[in-house]
Amino acid sequence: MKGVRVSLENFDEKLNESVATGNPVFVLFFGTEIPETSESWCPDCVIADPLIRKAISPIENAILLEAPVGARNEWKGNTTHPYRVRFGLSAIPTLFKWTKEGPGARLVEEDCADIEKLNEFVRN
């Protein structure tokens, strides 16, 4: 699995590059890490992150685009956050399968940490 960190500014560019490879592409939206702890401010994201990586890693040539949503105050209650508006995000973590047609299936919040749902999601 190849992990690629993206930002609001380079999201489209990195996404298009990844999809153009023809490899499986997953996009994970999560709470940005707090510098003091190097962990996300989002407790569900902290739990889900290693499980998502473990589920995706066996998939040959998979690409995981890591899309932080910003600090807690940039996300919580901000109905105009660009990722909320553009992709209909309601909560984090959110994991998408992405193809040249755009975003497909998604897992949201606790489903990202449900091993059975997660494994089924990445394989189908």
Side-chain angles (χ1 to χ4, degrees):
M1 176 193 74
K2 176 182 177 184
V4 178
R5 187 72 169 238
V6 298
S7 65
L8 284 167
E9 295 76 26
N10 71 3
F11 183 89
D12 289 329
E13 174 189 348
K14 296 296 182 184
L15 178 65
N16 291 335
E17 288 173 7
S18 298
V19 170
T21 67
N23 294 326
V25 175
F26 298 89
V27 180
L28 175 61
F29 295 94
F30 64 96
T32 303
E33 296 89 348
I34 299 169
E36 295 81 27
T37 64
S38 298
E39 286 189 343
S40 173
W41 56 262
C42 165
D44 290 336
C45 299
V46 172
I47 293 166
D49 185 75
L51 301 173
I52 290 168
R53 291 173 189 282
K54 184 176 181 180
I56 294 173
S57 64
I59 298 172
E60 190 172 337
N61 299 316
I63 300 170
L64 176 63
L65 294 182
E66 305 161 355
V69 300
R72 188 175 197 281
N73 64 343
E74 295 173 68
W75 176 257
K76 286 292 209 180
N78 182 359
T79 58
T80 62
H81 188 285
Y83 289 148
R84 284 189 193 270
V85 172
R86 189 166 173 202
F87 305 119
L89 294 187
S90 59
I92 55 172
T94 296
L95 179 66
F96 277 97
K97 285 183 182 178
W98 217 285
T99 67
K100 61 185 175 191
E101 286 79 33
R106 72 173 83 180
L107 285 180
V108 181
E109 280 189 309
E110 64 274 354
D111 288 345
C112 290
D114 182 313
I115 303 290
E116 287 182 25
K117 288 181 182 178
L118 184 56
N119 285 331
E120 183 179 330
F121 176 82
V122 300
R123 287 183 177 82
N124 293 325

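Here, residue 1 is the first one in the sequence, and each next residue gets the next number. The structure presented is a predicted model; accordingly, all values stated were derived computationally and were not measured.
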If you compare all heavy atoms of E74 against all heavy atoms of H81, which two are closest, and at what distance to 0.1 Å? O-CD2, 3.5 Å
To the nearest 0.5 Å, how far apart are CD in E109 and CD1 in I47? 11.5 Å
Counting distance only, does the side-chain N/O of W41 pair as donor-acceptor with the main-chain N or O of G70 below 3.5 Å? yes
Using atom types as modelled and distance alone, determine if a side-chain donor or acceptor of N119 lies under 3.5 Å from a backbone N or O of I115. yes
In terms of hydrophobic clustering (I, L, V, M, F, W, Y; side-chain heavy atoms under 4.5 Å; direct or indirect links), are F30 and L89 co-clustered? no
So for atom CD, which belongs to E101, do other residues, nucleotides or ligands contribute more than 12 heavy atoms lying within a distance under 6.0 Å? yes
How close do A55 and V122 get, counting heavy atoms only, and between which atoms? O-CG2, 3.6 Å
Please report the C-alpha distance between L64 and L95 in whole Å, then the side-chain angles of each, then the deciding distance to 0.1 Å, and finally whether the side chain to side chain contact (heavy atoms under 4.5 Å, CB included) criterion is met. CA-CA 10 Å; L64 176 63; L95 179 66; 4.2 Å; yes
Taking side chain as C-beta onward, heavy atoms only, is D114 less than 4.5 Å from L107? no
So, for A113 and L51, which heavy atoms are closest and what is the spacing to 0.1 Å? O-CD1, 3.6 Å
Partner set under side chain to side chain contact (heavy atoms under 4.5 Å, CB included) for S38, not counting sequence neighbours: none
Among D49, I34, V69, V46, exactly one meets side chain to side chain contact (heavy atoms under 4.5 Å, CB included) together with S40. Which residue is that? V46
Within a 6.0 Å radius of atom CZ on R5, are there more than 12 heavy atoms belonging to other residues, nucleotides or ligands? yes
Would you say the side chain of F29 lies within less than 4.5 Å of the side chain of P93, judging by non-hydrogen atoms? no
Spacing of CD belonging to E60 relative to CG belonging to N23, to within rounding of 0.5 Å: 8.5 Å
Would you call E110 and K117 a salt bridge, using N to O less than 4.0 angstrom? no
Heavy-atom pair with the smallest gap, counting every atom of C45 and G31: SG-N, 3.5 Å
Residues two or more places apart in sequence or in another chain: which of them pass side-chain hydrogen bond (donor to acceptor under 3.5 Å, both in side chains) with E39? none
Test ring-ring contact (aromatic ring centres under 6.0 Å, His included) on W98 and F87 and set out the steps. CA-CA 12 Å; W98 217 285; F87 305 119; 5.2 Å; yes
Please identify each residue that fulfils side chain to side chain contact (heavy atoms under 4.5 Å, CB included) with V4, with sequence neighbours left out. K2, V6, K14, I63, L65
Go through the structure and list residues passing side chain to side chain contact (heavy atoms under 4.5 Å, CB included) with R86, not counting sequence neighbours. F11, D12
Taking every non-hydrogen atom, the tightest pair across T79 and V85: O-CG2, 3.7 Å
Using the test side-chain hydrogen bond (donor to acceptor under 3.5 Å, both in side chains), find all partners of N78 that sit at least two apart in sequence or belong to another chain. T80
In the single-linkage hydrophobic clustering (I, L, V, M, F, W, Y; side-chain heavy atoms under 4.5 Å), do I52 and Y83 co-cluster? no
What's the shortest heavy-atom distance between C42 and I92, and which atoms? SG-O, 3.9 Å
Measure from the side-chain N and O atoms of E13 to the backbone N and O of N10, and report whether any donor-acceptor pair falls under 3.5 Å. no
Could you give the distance from OG1 (T32) to CZ (R72), rounded to the nearest 0.5 Å? 13.0 Å
Any side-chain heavy atom of P103 within less than 4.5 Å of one from V27? no
Among residues at least two apart in sequence or on other chains, which ones pass ring-ring contact (aromatic ring centres under 6.0 Å, His included) with F121? none
